[in-house]
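Structure first, then comments.
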Amino acid sequence: SWLWQISQFRNMALNNMFRLARPGYCGARLLLSQQTRSFSRLAPIRAVAAAPQISSSSTQLVQKRDYVSRASTNMWTGERVISIALLGLLPAGVLFPGNIILDLSIGLLLPLHIHLGLHQLITDYIHTTAGTRILNTTSTVITGLTILAFFFFNFTDVGITSAFRKFWKAL
C-alpha cells in the first residue's frame, strides 16, 4: 500500500541523513538510486529528497562537528588507555613501594585520569561556552599543578607509593 511505501521512504531517509550531510559526499545519487529501485509512485517526493541543499555555513558546521567527533574519540581512547595502565600500576605500586618509575607513572597518570573525567563532566553538563572554557582552563591548571606537586614529592620525599604504604600501616 502507499502508506507502507511512505513509511519505508521515511526510514530510508532517516538512515541516509548523516551520509547526505557530509561535505563532498554525493549522497543524493545514492538516495535517488534506492528510491527508483524501491518506489515507483513517489516521484514528487523523490525529486525533493534527491537534491539536498547544503550551504557553505552548514558544510563548515559539519566539518567542525566531524573534527570535534574525532577529538572526542581520541579523548575516549586516551581515557581507556590511562585507565588500563592504572589498573596495572596501582597494584604494582602497592607491591613494590619506593620504585621511582612507578611513582612517576602514577604521579602523571592519576591526575590525567581525573582531569579527563572532569573534562567530560564539564562538557556534558555545562552548556555555556564561557562556563565551559573557564572550568576547563581551571581544571587544566589544577591538573598541571597536581602533576608538578606529585613530581616534587617523588623527587624530594619518599614517593607516592611509599607514603601510601606508611599511611596504610599507621591506620
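Computed from a predicted structure; not experimentally measured.
Taking each heavy atom of Gly159 and Asn154 in turn, the nearest pair found is CA-OD1, 3.3 Å. Between His113 and Ser83, the closest heavy-atom pair is CE1-OG, 3.2 Å. The two atoms that bring Ile147 and Leu108 nearest to each other are CD1-CD1, 4.0 Å, heavy atoms only. The minimum heavy-atom distance linking Pro97 with Arg165 is given by the pair CG-NH1, 2.9 Å. Minimum interatomic distance between Ala163 and Val158 (heavy atoms only, all atoms of both residues): N-CG2, 3.8 Å. Nearest heavy atoms, Leu104 versus Phe151: O-CE1, 3.6 Å.
You'll find the side chain of Arg133 reaches within 4.5 Å of the side chain of Thr129, heavy atoms only. Side-chain contact between Val94 and Phe164 is present, with heavy atoms from C-beta onward closer than 4.5 Å. Under the 4.5 Å side-chain criterion, counting only non-hydrogen atoms from C-beta, Ile126 is in contact with Leu135. His119 places none of its side-chain heavy atoms less than 4.5 Å from the side chain of Ser139. Contact annotation: the side chain of Phe150 approaches that of Pro111 to within less than 4.5 Å [non-hydrogen atoms, C-beta and beyond].
Side-chain heavy atoms closer than 4.5 Å link hydrophobic residues (I, L, V, M, F, W, Y) into clusters, and following such links, even through other members, never connects Leu121 to Leu116. Hydrophobic clustering places Ile100 together with Leu90 (ILVMFWY residues linked when any side-chain heavy atoms are closer than 4.5 Å, directly or through intermediates). Both Leu109 and Met75 are part of a single hydrophobic cluster, where members link through side-chain heavy atoms under 4.5 Å apart. The cluster map of Ile, Leu, Val, Met, Phe, Trp and Tyr, joined by side-chain heavy atoms under 4.5 Å apart, puts Leu112 and Ile122 in different clusters. The hydrophobic cluster containing Ile82 also contains Ile101, counting ILVMFWY residues as joined when their side-chain heavy atoms lie under 4.5 angstrom apart, directly or transitively.
The local environment of CG in Leu95 is crowded, with over 12 non-hydrogen atoms from other residues, nucleotides or ligands closer than 6.0 Å. More than 12 heavy atoms of other residues, nucleotides or ligands lie within 6.0 Å of CZ in Arg80, so this atom counts as buried by the packing criterion. A 6.0 Å sphere centred on CZ of Phe152 holds no more than 12 heavy atoms belonging to other residues, nucleotides or ligands.
From Asp103, atom CG reaches atom OG of Ser162 across 6.0 Å, with rounding to the nearest 0.5 Å.
Checked against side chain to side chain donor-acceptor pair (under 3.5 Å), Asn99 has no partners two or more places apart in sequence or in another chain.
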